[in-house]
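Structure first, commentary second.
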Amino acid sequence: MFLKLDLAKRLSQIQKEEIAELFIRGESLEVLSKKFNCMKSTIIRNLKKILGVSKYQKLSDIEKAHDRNEEIYVINKNKSFYIDKMKEVSMTDLTSQENYINDKSEKDFLPSSSFLEIPPIDYQIENLPRKEISSVPISEIDFPKVVYMVVDKKIELEIKLLKDYPEWGFLPNEDLERKTIGIYFDLKNAKRSCNKEQKVIKVPNCDVLRIVSPILLSRGISRIVTEDQLIAL
């Protein structure tokens with residue numbers, strides 16, 4: 001089952017600068033994604049361009065460490081609250097028992113012991129891989145009139161694994177091993193990704209992507225990667 005997403009939102013330069021400033025101040029990727037109504041991968045891509053990969057990674061590591069500390073604090077706080085409540089129950093039980101003993105005459109006094117078993121506290125932090133919710137079926141994609149592809153000198157497609165794209169690194173390992181091809185909506189971005197042994201070709205009719213999807217699947221290629229989107233064949 002796939003989650004339908006809108007096409008990538010284009011951010012203005014002012015918005016990109018505001019995103020970078022908020023991220024430096026400690027705003028999370030999730031909050032920025034909701035605030036500017038775009039995917040996390042779009043936020044990450046623009047942050048890397050504006051801040052540089054090295055600075056982005058340092059700030060990202062700080063954010064992750066902060067999130068882990070917050071999570072540990074909440075767990076410890078919950079544990080303390082739970083133990084304090086158990087102590088309150090224990091003290092109440094002992095007080096009631098003392099009053100009962102004092103009300104009894106000496107001849108009726110019988111030694112009494114109180115035992116309260118506290119259940120073990122078992123907190124576990126969920127550390128399961130995130131399920132893929134980012135792919136959009138190719139049948140639901142409204143392609144632009146023209147897209148661009150990077151090929152080698154023999155006009156053969158450049159095939160990559162999904163794990164070769166850092167912006168999709170949050171997906172499960174099983175999905176990161178998928179074979180992909182890349183397309184570009186912007187010619188400048190395509191040329192920027194092209195090396196000396198490759199060249200950019202123009203695809204004037206995007207329906208060809210839907211037509212050849214069974215052939216691509218037969219070769220083990222199950223995803224098309226754009227600048228901001230992941231398309232399932």
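For Glu227, the side chain to side chain donor-acceptor pair (under 3.5 Å) partners are Asn189, not counting sequence neighbours. In this view, Glu177 and Lys163 satisfy the side chain to side chain donor-acceptor pair (under 3.5 Å) rule, not counting sequence neighbours.
In this structure, the side chains of Leu230 and Trp168 come closer than 4.5 Å at one or more pairs of heavy atoms. Using a 4.5 Å heavy-atom cutoff, the side chains of Ile19 and Leu47 are in contact. Put simply, the side chain of Thr180 does not reach to within 4.5 Å of the side chain of Ile159, judged on heavy atoms. Residues Val136 and Gln229 have side chains in contact (heavy-atom distance under 4.5 Å, counting atoms from C-beta outward). Ile181 places a side-chain heavy atom less than 4.5 Å from the side chain of Met149. Within the 4.5 Å cutoff, side-chain heavy atoms of Lys55 are placed close to those of Ile24. A 4.5 Å side-chain heavy-atom check between Lys48 and Pro166 finds at least one atom pair inside the cut-off. When side chains are defined from C-beta on, Phe36 does not count as touching Asn46, because their heavy atoms never get closer than 4.5 Å.
Figure legend: Lys160 and Tyr165 shown as a cation-pi pair, the cationic atom lying under 6.0 angstrom from the six-membered ring centre and within 45 degrees of its axis.
Remark: the backbone N or O of Ser12 is paired with a side-chain donor or acceptor of Gln15 at under 3.5 angstrom.
Taking CD of Gln198 as the start and NZ of Lys191 as the end, the distance is 14.5 Å to the nearest 0.5 Å. Between Ser60 atom OG and Leu51 atom CG the span is 11.0 Å, to the nearest 0.5 Å. Taking CD1 of Ile43 as the reference point, atom NZ of Lys34 lies at 13.0 Å (rounded to 0.5 Å). Taken from SG in Cys206 to NZ in Lys145, the straight-line distance is 11.5 Å, to the nearest 0.5 Å. Within the model, atoms CG of Asp61 and CD of Gln57 stand 5.0 Å from one another, a figure rounded to the nearest 0.5 Å.
Enclosure of atom NZ in Lys49 by more than 12 non-hydrogen atoms of other residues, nucleotides or ligands within 6.0 angstrom is indicated. The number of heavy atoms from other shown groups lying within 6.0 Å of CD (Glu17) is above 12. Counting heavy atoms of neighbouring residues, nucleotides and ligands inside a 6.0 Å radius, atom NZ of Lys179 does not exceed 12 of them.
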Might you work through the side-chain contact (heavy atoms from CB on, under 4.5 Å) test for Leu161 and Leu176, ending with a clear yes or no?
CA-CA 7 Å; Leu161 295 179; Leu176 293 177; over 6 Å; no

What do the steps show when you test Phe143 against Ile231 for side-chain contact (heavy atoms from CB on, under 4.5 Å), and what is the final call?
CA-CA 11 Å; Phe143 288 105; Ile231 302 171; 3.8 Å; yes

Mind running side-chain contact (heavy atoms from CB on, under 4.5 Å) on Lys202 and Val146 for me, showing each step along the way?
CA-CA 7 Å; Lys202 179 179 179 181; Val146 176; 3.5 Å; yes

Applying side-chain contact (heavy atoms from CB on, under 4.5 Å), run through Ile50 and Lys16 and close with a yes or a no.
CA-CA 8 Å; Ile50 296 174; Lys16 293 176 182 179; 3.5 Å; yes

Under 3.5 Å, side-chain donor or acceptor atoms of residues 208-222 against the rest of the protein: list the pairs with distances, not counting sequence neighbours.
from, atom 1, to, atom 2, distance (Å)
Arg210, NE, Ile138, O, 3.4
Arg210, NH1, Asp207, OD1, 3.3
Arg210, NH2, Ile141, O, 2.4
Ser213, OG, Arg210, O, 2.8
Ser218, OG, Ile215, O, 2.5
Ser222, OG, Arg178, NH1, 3.4

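Scanning both residues, Glu30 and Lys40, for their nearest heavy atoms gives CA-CE, 3.7 Å. Nearest heavy-atom pair across Ser135 and Ala232 is CB-CB, 4.1 Å.
Judged purely by distance below 3.5 Å, without hydrogens or angles, the side chains of Thr226 and Tyr184 never pair a donor atom with an acceptor atom. For the residue pair Asp228 and Thr42, a side-chain donor N or O sits within less than 3.5 Å of a side-chain acceptor on the partner.
The aromatic rings of Phe23 and Tyr56 lie parallel to each other, their planes meeting at an angle below 30°, with 60° marking the opposite boundary.
No path of Ile, Leu, Val, Met, Phe, Trp and Tyr side chains, each step under 4.5 Å between heavy atoms, connects Phe185 with Val200, placing them in separate hydrophobic clusters. Under a hydrophobic clustering in which Ile, Leu, Val, Met, Phe, Trp and Tyr are joined whenever their side-chain heavy atoms come within less than 4.5 Å, directly or via other members, Tyr148 and Val151 fall into different clusters. One hydrophobic cluster, built from ILVMFWY side chains closer than 4.5 Å, holds both Ile201 and Ile183.
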